[in-house]
Novice: 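Handing you this structure, nothing more for now.
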Amino acid sequence: MRTRSSIETRAWEIVIPAPGGEFVAHYSTRGLCGLEFPARAPQHRRRVSTAHVPARVRRWHAATARALEQALAGRPPKTLPPLDLSAGTGFQRRVWSALRRIGWGRTRSYGQVARAIGRPKAARAVGTACGANPIPVFVPCHRVLAADNRLGGFSGGLDWKRALLRREGIMRPGRGKSQRRRHP
DNA sequence: CCCTAGCGGTGCT
DNA sequence: AGCACCGCTAGGG
């Protein structure tokens with residue numbers, strides 16, 4: 001397995017307005033290749049190349065926007081745009097494809113994902129690969145929790161992880177899984 | 001609750 | 001090649 005796949009450039013980035021702020025979707029020639037959560041701090045958004053966007057990419061984007069809207073409204077998206085996950089290492093892509101097999105409203109532990117991809121002792125590396133997931137929400141790294149059923153981490157911020165889990169009915173609105181609290 | 005050792009992938013020297 | 005990260009985990013106090 002190769003260590004690094006060919007790099008597909010992010011040719012287009014398009015904003016998606018949402019209640020919590022603006023998501024940014026990135027597209028390559030192969031499909032959706034990145035999704036950013038709204039920036040925490042108000043931020044002068046960089047140049048967005050919406051000009052000359054091919055019709056195909058606009059269709060993908062329509063699918064992305066609709067799917068994101070559904071997911072944030074607490075209903076499983078019916079269809080997704082094509083996902084371009086080619087920018088990952090072999091290990092990362094294995095992890096990401098395992099994540100896509102975790103159904104809406106279900107969870108796994110990092111160790112379970114590690115076993116599912118045939119690397120039973122690589123739980124920690126699975127966490128790192130989750131953190132490198134370029135398409136959160138649709139590649140549901142938020143459904144992976146620590147083995148003791150705590151929340152684990154989330155590169156988009158634990159508030160988002162909690163919010164997504166709640167939308168799927170996994171966490172009770174008020175109380176929830178306790179948070180990892182080591183050296184703050 | 002705390003701490004520790006062991007773990008594997010990644011990225012930087 | 002070496003090494004310091006880490007969204008981890010099992011085991012022990």
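Note: hydrogens, waters and symmetry copies are ignored here, and every other heavy atom, side chains too, is used. These figures come from a predicted structure and were not determined experimentally. The sequence lines fix the lettering, A, B, ..., with proteins before strands; numbering per chain opens at 1.
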Novice: Given Watson-Crick or G-U pairs with both distances under 3.5 Å, what dot-bracket string fits DNA chain C, with | for other-strand pairs and [ ] for crossing?
Specialist: ||||||.||||||
Novice: As a quick check of understanding, evaluate side-chain contact (heavy atoms from CB on, under 4.5 Å) for Glu36(A) and His26(A), giving each step before the final call.
Specialist: CA-CA 8 Å; Glu36(A) 294 178 52; His26(A) 297 257; 2.5 Å; yes
Novice: Evaluate the side chain to side chain donor-acceptor pair (under 3.5 Å) criterion for residues Ser28(A) and Arg10(A): first the C-alpha distance (whole Å), next the side-chain angles of each, then the deciding distance (0.1 Å), finally the verdict.
Specialist: CA-CA 5 Å; Ser28(A) 69; Arg10(A) 300 175 154 212; over 6 Å; no
Novice: Which residues satisfy the side-chain contact (heavy atoms from CB on, under 4.5 Å) test with Ala18(A), sequence neighbours excluded?
Specialist: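 For Ala18(A) the side-chain contact (heavy atoms from CB on, under 4.5 Å) partners, ignoring immediate neighbours, are Phe23(A), Leu72(A).
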Novice: Roughly how far, to the nearest 0.5 Å, is CH2 of Trp60(A) from CG of Leu32(A)?
Specialist: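 Going from CG on Leu32(A) over to CH2 on Trp60(A), the span is 9.5 Å.
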Novice: Without decimals, in angstroms, what is the distance between Gln92(A) CD and dG9(B) C1'?
Specialist: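 Distance, rounded to whole Å: 8 Å.
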Novice: Compare the minimum distances between each of dC1(B), dT10(B), dG7(C) and the side chain of Phe91(A), then state the nucleotide with the smallest one.
Specialist: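 Nucleotide nearest to Phe91(A)'s side chain: dT10(B).
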Novice: Closest approach to the side chain of Ser155(A), judged atom by atom: which nucleotide of dG7(C), dG9(B), dC8(C) is it?
Specialist: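 Of the candidates, dG7(C) comes closest.
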Novice: Working to the nearest 0.5 angstrom, can you tell me the gap between Arg119(A) CZ and Phe91(A) CZ?
Specialist: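 Arg119(A) atom CZ to Phe91(A) atom CZ measures 7.0 Å (nearest 0.5 Å).
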Novice: What pairs of nitrogen or oxygen atoms, one from the protein and one from nucleotides 4-6 of chain C, lie under 3.5 Å apart?
Specialist:
| from | atom 1 | to | atom 2 | distance (Å) |
| --- | --- | --- | --- | --- |
| dC6(C) | O2 | Thr128(A) | OG1 | 3.3 |

Novice: Within this structure, what is the CG-CH2 distance for the pair Leu165(A) and Trp160(A), rounded to the nearest 0.5 Å?
Specialist: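 Leu165(A) CG to Trp160(A) CH2: 12.5 Å, rounded to 0.5 Å.
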Novice: Determine, stepwise, if the pair Phe154(A) / Asp159(A) fulfils side-chain contact (heavy atoms from CB on, under 4.5 Å).
Specialist: CA-CA 9 Å; Phe154(A) 197 67; Asp159(A) 288 344; over 6 Å; no
Novice: Select one nucleotide: of dG8(B), dC8(C), dG9(B), the one nearest the side-chain heavy atoms of Lys121(A).
Specialist: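 Ranking dG8(B), dC8(C), dG9(B) by closest atom to the Lys121(A) side chain puts dG8(B) first.
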Novice: According to side-chain contact (heavy atoms from CB on, under 4.5 Å), who are the partners of Gln112(A), at least two apart in sequence or on a separate chain?
Specialist: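 Scan of Gln112(A) (side-chain contact (heavy atoms from CB on, under 4.5 Å), adjacent residues dropped) gives Arg108(A), Ser109(A), Arg115(A).
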Novice: Can Trp104(A) be reached from Leu35(A) by stepping across I, L, V, M, F, W or Y side chains whose heavy atoms are under 4.5 Å apart?
Specialist: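 No; Trp104(A) is not reachable from Leu35(A) via cluster members.
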Novice: Using whole Å, what does the distance between atom P of nucleotide dG12(C) and atom CG of Asp148(A) come to?
Specialist: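 About 17 Å, once rounded to whole Å.
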Novice: Indicate every side-chain donor-acceptor pair of residues 129-148 of chain A with a distance under 3.5 Å to a residue at least two apart or in another chain.
Specialist:
| from | atom 1 | to | atom 2 | distance (Å) |
| --- | --- | --- | --- | --- |
| Asn133(A) | OD1 | Ile135(A) | N | 2.9 |
| Asn133(A) | ND2 | Val139(A) | O | 2.8 |
| His142(A) | NE2 | Glu168(A) | OE2 | 2.7 |
| Arg143(A) | NE | Glu168(A) | OE1 | 2.8 |
| Arg143(A) | NE | Glu168(A) | OE2 | 3.2 |
| Arg143(A) | NH1 | Ile102(A) | O | 2.7 |
| Arg143(A) | NH2 | Glu168(A) | OE1 | 3.4 |
| Arg143(A) | NH2 | Glu168(A) | OE2 | 3.0 |
| Asp148(A) | OD1 | Arg150(A) | N | 3.1 |
| Asp148(A) | OD2 | Arg150(A) | NE | 3.2 |

Novice: Could you give the CH2-to-C1' distance, from Trp160(A) to dG7(C), as a whole number of Å?
Specialist: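 My rounded result for the distance is 18 Å.
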Novice: Can you list, by residue number, the residues of residues 104-115 of chain A that have a non-hydrogen atom closer than 4.0 angstrom to DNA chain C?
Specialist: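 Ser109(A), Tyr110(A), Gly111(A), in order of number.
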Novice: The test is side-chain contact (heavy atoms from CB on, under 4.5 Å); show your working for Leu85(A) and Arg100(A) and say whether it passes.
Specialist: CA-CA 12 Å; Leu85(A) 293 168; Arg100(A) 296 184 65 186; 4.3 Å; yes
Novice: Write down the distance between CZ (Arg94(A)) and P (dG9(B)), rounded to a whole number of angstrom.
Specialist: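 Roughly 10 Å, once rounded to whole Å.
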Novice: Indicate whether OP1 or OP2 belonging to dG7(C) is found under 4.0 Å from a side-chain N or O atom of Arg162(A).
Specialist: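 So the side chain of Arg162(A) is outside the cut-off, no N or O lying under 4.0 Å from OP1 or OP2 of dG7(C).
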Novice: Quickly work out the Ile117(A) CD1 to dG9(B) C1' distance and round it to whole Å.
Specialist: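 That distance rounds to 10 Å.
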